[in-house]
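The next block holds one structure in the form of structure tokens; read it before the comments.
Computed from a predicted model, the values in this text were never measured in an experiment. Note: hydrogens, waters and symmetry copies are ignored here, and every other heavy atom, side chains too, is used.
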Amino acid sequence: MKRWYALAGLFFIAAFSFGQVQRSSAEDGWVTLFDGKNLDHFDKVGDANWRIEDGAVVADRGNGFLVTKETFGDYQIRAEFWVGDDANSGIFIRCTDPQKIDAKTAYEVNIWDDRPGKDYATGAIVNIAKVDPMPKSVGKWNVYEITAKGGTLTVVLNGQQTVEGKDSTHASGRIALQHGLGNKDAAGVVNDKGVVKFRMVEIKKL
């Protein structure tokens, strides 16, 4: 009986602590954009086959984005992601044109270990901040923490800062999660496959 009471007490403490963490997150200004249940905060752009499976939003074919309905300026974003070894993905921030998303109309924080130009592969901000050494992200869950404050852009992957870039071209815009085109195969056909998953996406305005 004593053991049962002890286990019950531990369960109560754990539940209470979890609730405290959840409330603390909200009190600290963090807002959940995706929690594994719905895509209410996003619009789909392009033909990627996004769907929700096992608490994650998944795409494995097509070229497209999940684009936030809201525009953001200065903020920190946390996102959990998983990619297969043939996937091309990324998180685009301050997207100025939600219908035409690329490294010219936004800042692209890349998720693409096999990118031909490794300087701007996973962990880099394309055309802004090169990564060296490039971290590996394939086949496991990772956490990106991206901070955009004024003209300073900082990227942290799994607790390690990969780059910090300086650029003031885009002051605000949407956020976009990508399932993109990959390398060409031996026949010259562009790969539009590869599994991309996002599990938790949170944002805190600065």
Validation: residues 119-131 side-chain donor-acceptor distances under 3.5 Å, sequence neighbours left out:
| residue | atom | partner | partner atom | Å |
| --- | --- | --- | --- | --- |
| Thr122 | OG1 | Trp112 | N | 2.8 |
| Thr122 | OG1 | Asp113 | N | 3.2 |
| Thr122 | OG1 | Asp113 | OD1 | 2.6 |

From OG1 (Thr32) to CG (Asp40), nearest 0.5 Å: 12.5 Å

Shortest non-hydrogen contact from Gly151 toward Ser168: CA-OG, 3.7 Å

Reported CD-to-CD distance for the pair Gln178 and Glu108, which is rounded to 0.5 angstrom: 5.5 Å

Nearest non-hydrogen partners of Val67 and Pro98, listed with the distance: CG1-CB, 4.0 Å

Residue pairs passing the ring pair (Phe, Tyr, Trp, His ring centres under 6.0 Å) test where at least one lies in residues 32-70, sequence neighbours excluded: Phe65-Phe92

Counterpart residues, side chain to side chain contact (heavy atoms under 4.5 Å, CB included), relative to Glu80 (two or more places apart): Trp141, Val143, Arg199, Met200

For Lys166, all residues meeting side chain to side chain contact (heavy atoms under 4.5 Å, CB included), sequence neighbours excluded: Thr152, Glu164

side-chain contact (heavy atoms from CB on, under 4.5 Å) between Asp114 and Asp86, intermediate numbers included: CA-CA 8 Å; Asp114 286 338; Asp86 54 353; over 6 Å; no

Whether over 12 other heavy atoms sit under 6.0 Å from Asp54 CG: no

Full working for side-chain contact (heavy atoms from CB on, under 4.5 Å) between Thr147 and Leu206: CA-CA 9 Å; Thr147 303; Leu206 301 177; 3.8 Å; yes

In one Ile/Leu/Val/Met/Phe/Trp/Tyr side-chain cluster, 4.5 Å: Val201, Leu39: yes

Any donor-acceptor N/O pair, Asp47 side chain to Asn63 backbone, under 3.5 Å: yes

Transitive ILVMFWY side-chain link Leu153 to Ile111, under 4.5 Å: yes

Exam field: side chain Thr96 to backbone Thr105, donor-acceptor pair closer than 3.5 Å: yes

Met134-Ile146 co-clustered via ILVMFWY side chain contacts under 4.5 Å: yes

Exercise: identify the closest heavy-atom pair between His179 and Val196: CD2-CG2, 3.5 Å

Side chain Thr162, main chain Leu157, donor-acceptor under 3.5 Å: no

Heavy-atom side-chain proximity of Tyr144 to Val155 below 4.5 angstrom: yes

Minimal non-hydrogen separation, Gly64 against Ala48, with atom names: N-CB, 3.7 Å

Backbone N/O of Lys37 and side chain of Asp35: donor-acceptor pair under 3.5 Å: yes

Gap separating the CG atom of Asp132 from the NZ atom of Lys118, nearest 0.5 angstrom: 12.5 Å

Asp102 side chain to Lys100 backbone, donor-acceptor under 3.5 Å: no

Lys44 side, atom NZ; Leu66 side, atom CG - distance, nearest 0.5 Å: 7.0 Å

side-chain contact (heavy atoms from CB on, under 4.5 Å) between Asn49 and Val58, worked out: CA-CA 8 Å; Asn49 62 339; Val58 183; over 6 Å; no

The single option from Lys149, Lys204, Arg94 passing side chain to side chain donor-acceptor pair (under 3.5 Å) against Asp74: Arg94

Any side-chain heavy-atom pair of Ile91 and Ile175 under 4.5 Å: yes

By side chain to side chain contact (heavy atoms under 4.5 Å, CB included) - contacts of Gln99 (at least two apart): Val45, Asp97

Partner set under side chain to side chain contact (heavy atoms under 4.5 Å, CB included) for Lys205, not counting sequence neighbours: Glu70, Phe72

Donor-acceptor pair, side chain of Arg78 and main chain of Glu145, under 3.5 angstrom: no

Gln160 CD: over 12 foreign heavy atoms closer than 6.0 Å: no

Closest non-hydrogen atom pair, Ser89 against Val83: CB-CG1, 4.1 Å

Ser172 side, atom OG; Ile93 side, atom CD1 - distance, nearest 0.5 Å: 11.5 Å

Aromatic plane relationship, His170 with Tyr107 - under 30° parallel, 30 to 60° tilted, over 60° perpendicular: perpendicular

Approximate separation, where rounding is to 0.5 Å, of Asn158 CG and Asn142 CG: 4.5 Å

Worked verdict on Arg51 versus Asp60 for salt bridge (charged side-chain N to carboxylate O under 4.0 Å, His left out): CA-CA 10 Å; Arg51 72 272 186 190; Asp60 56 14; 3.1 Å; yes

